[in-house]
Amino acid sequence: MGAHYGVAVTARPSAPTAVDVVARALRDELAGVRARAVGGRAPRVLDVGGGSGTWAVPLAGEGCEVTVVDSSANALAVLRSRARDAGVADRVRAVQGDVDALADIADGDGGADLVLGHGLLEYVDDPVAAVRALAVATTPGGAVSVLVAGRWAAVLGRVVAGRVAEARRLLTDPAGRWGAGDPMLRRMDTDEVRTLLERDAGLVVEQVRGHRVLADLVPELPDGASAGAELAALEELAGDTPPLRDLASRIHVLARRSGER
Ligand SMILES: C[S@@+](CC[C@H](N)C(=O)[O-])C[C@H]1O[C@@H](n2cnc3c(N)ncnc32)[C@H](O)[C@@H]1O
């Protein structure tokens, strides 16, 4: 699995590349699915709000059977084109629909081994209903991977950009928004994501990590490869170390549905 996962939505072009802790968590999860699979069956991935395929296309390239459910016809058109270009069109199913209607869309095969909700909870009307839908679409013993914008990183980002009034609103607004024009309906902290997945969706949280704790704060590195490697190693450590973890641009949680795998 390559470090290109998730880059399209996370990285500023000038920012140094960080170790992708999310890609690593998914890779480990899928290795477990493959090890348990009967008859070499391909892992089934359901990517809800998968958009243009930032995660879905590389996962299909790794041999997964991926269904993307997204409410945007435009995003799905880009997804189909990217899947064709990558030679994985036969392993990517694109379905236009809302997370609220996931139960009607899911193909009735007992659920997916891995369900992604990356960059989704910031935009849905009802996050509790959304995480419940993700959980129900997961096969017993399977995993749900959620990636959501971190509210504290947004505060720091606004201050660094000199937008102090917006930073204050982000800090005090219960939903972590900077104002009415904010395209995101909410940002979350680690406790909020954990509560959603455990209390509201009945999942067991196994990992909580910060995705891009430091890299988005570094405008450029003094010299190439070794500084990049040092930052990547530090990033990985910070993503696992509260309270630095909780300051990440995005919070990643891997949670499991109970039951026999
Ligand atoms: C920020 S993009 C994230 C794309 C991709 N998951 C990623 O991480 O790169 C959010 C996506 O969620 C989709 N979306 C928003 N609300 C949705 C809903 N209620 N049901 C399904 N998809 C939704 C949008 O169309 C968009 O493609």
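Note that ligands are numbered from 1 as they come in the structure, with each ligand's atoms numbered from 1 the same way. Only this structure's heavy atoms are used, side chains among them; waters, hydrogens and symmetry mates stay out.
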> At less than 4.0 angstrom from any non-hydrogen atom of T54, what atoms of ligand 1 do you find?
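Here the atoms of ligand 1 in question are 9 (O).
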> Compute the shortest N/O to N/O distance between D70 and ligand 1 and return yes if it is under 3.5 Å, no if not.
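By distance alone, the answer is yes.
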> Quick one: which ligand 1 atoms are inside 4.0 Å of a heavy atom on G51?
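Once the distances to G51 are compared, the set is 27 (O).
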> Can any side-chain N or O of R132 pair as donor or acceptor with the backbone N or O of D200 at less than 3.5 Å?
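Yes, the answer is positive, given that a donor and an acceptor are paired below the 3.5 Å cut-off.
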> Under 4.0 Å from any heavy atom of V124, which atoms of ligand 1 are there?
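So the answer, numbered in order with elements, is 19 (N).
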> Using the rule that two of Ile, Leu, Val, Met, Phe, Trp, Tyr join whenever any of their side-chain heavy atoms come within less than 4.5 Å, decide whether V144 and V128 are in one cluster.
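The answer is yes; both residues are in one hydrophobic cluster.
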> Shared ILVMFWY cluster between V33 and V66, side chains joined below 4.5 angstrom?
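Result: no, two separate clusters.
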> When V45 is tested against each of L26, L30, D113 for side-chain contact (heavy atoms from CB on, under 4.5 Å), which residue passes?
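Exactly one candidate clears the test, L30.
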> For ligand 1, which atoms have a heavy atom of S72 less than 4.0 angstrom away?
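Per the distance check, 25 (O).
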> Given S71, A75, S52, which one has a non-hydrogen atom that is nearest to atom 17 (C) of ligand 1?
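Looking at heavy atoms only, the winner is S71.
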> Residue-level breakdown please: for V48 versus ligand 1, do any non-hydrogen atoms fall below 4.0 Å on the side chain, on the backbone, on both, or on neither?
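No part of V48 comes within reach of ligand 1.
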> Check this for me - ligand 1, D98, N or O atoms closer than 3.5 angstrom, yes or no?
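Indeed, backbone or side chain, D98 has an N or O that close.
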> For A31, enumerate each residue passing the side chain to side chain contact (heavy atoms under 4.5 Å, CB included) test, keeping only those at least two apart in sequence or located in another chain.
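Scan of A31 (side chain to side chain contact (heavy atoms under 4.5 Å, CB included), adjacent residues dropped) gives none.
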> Just to check, does G97 reach to within less than 4.0 Å of ligand 1 when the distance is taken from its heavy atoms?
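For ligand 1, residue contact (heavy atoms, under 4.0 Å) with G97 is present.
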> Using a 4.0 Å cut-off to any heavy atom of L120, which atoms of ligand 1 qualify?
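Listed by number with element: 17 (C), 22 (N), 23 (C).
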> Considering only heavy atoms of G119, which atoms of ligand 1 have at least one such atom less than 4.0 Å away?
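Reading through ligand 1 atom by atom, the close ones are 1 (C), 2 (S), 3 (C), 10 (C).
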> Looking at ligand 1, does any of its N/O atoms fall within less than 3.5 Å of an N/O of D47?
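No, since none of the N or O atoms of D47 sits under 3.5 Å from an N or O of ligand 1.
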> First locate atom CG of L214, then atom CG of L247, and finally report the distance between them rounded to the nearest 0.5 Å.
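The CG atom of L247 is 9.0 Å from CG of L214, to the nearest 0.5 Å.
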> How close do A248 and G210 get, counting heavy atoms only, and between which atoms?
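Taking every non-hydrogen atom into account, CB-CA, 3.3 Å.
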> Taking R91 for the side chain and A60 for the main chain, is one N or O donor matched with an acceptor at less than 3.5 Å?
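Such a contact is found between R91 side chain and A60 backbone.
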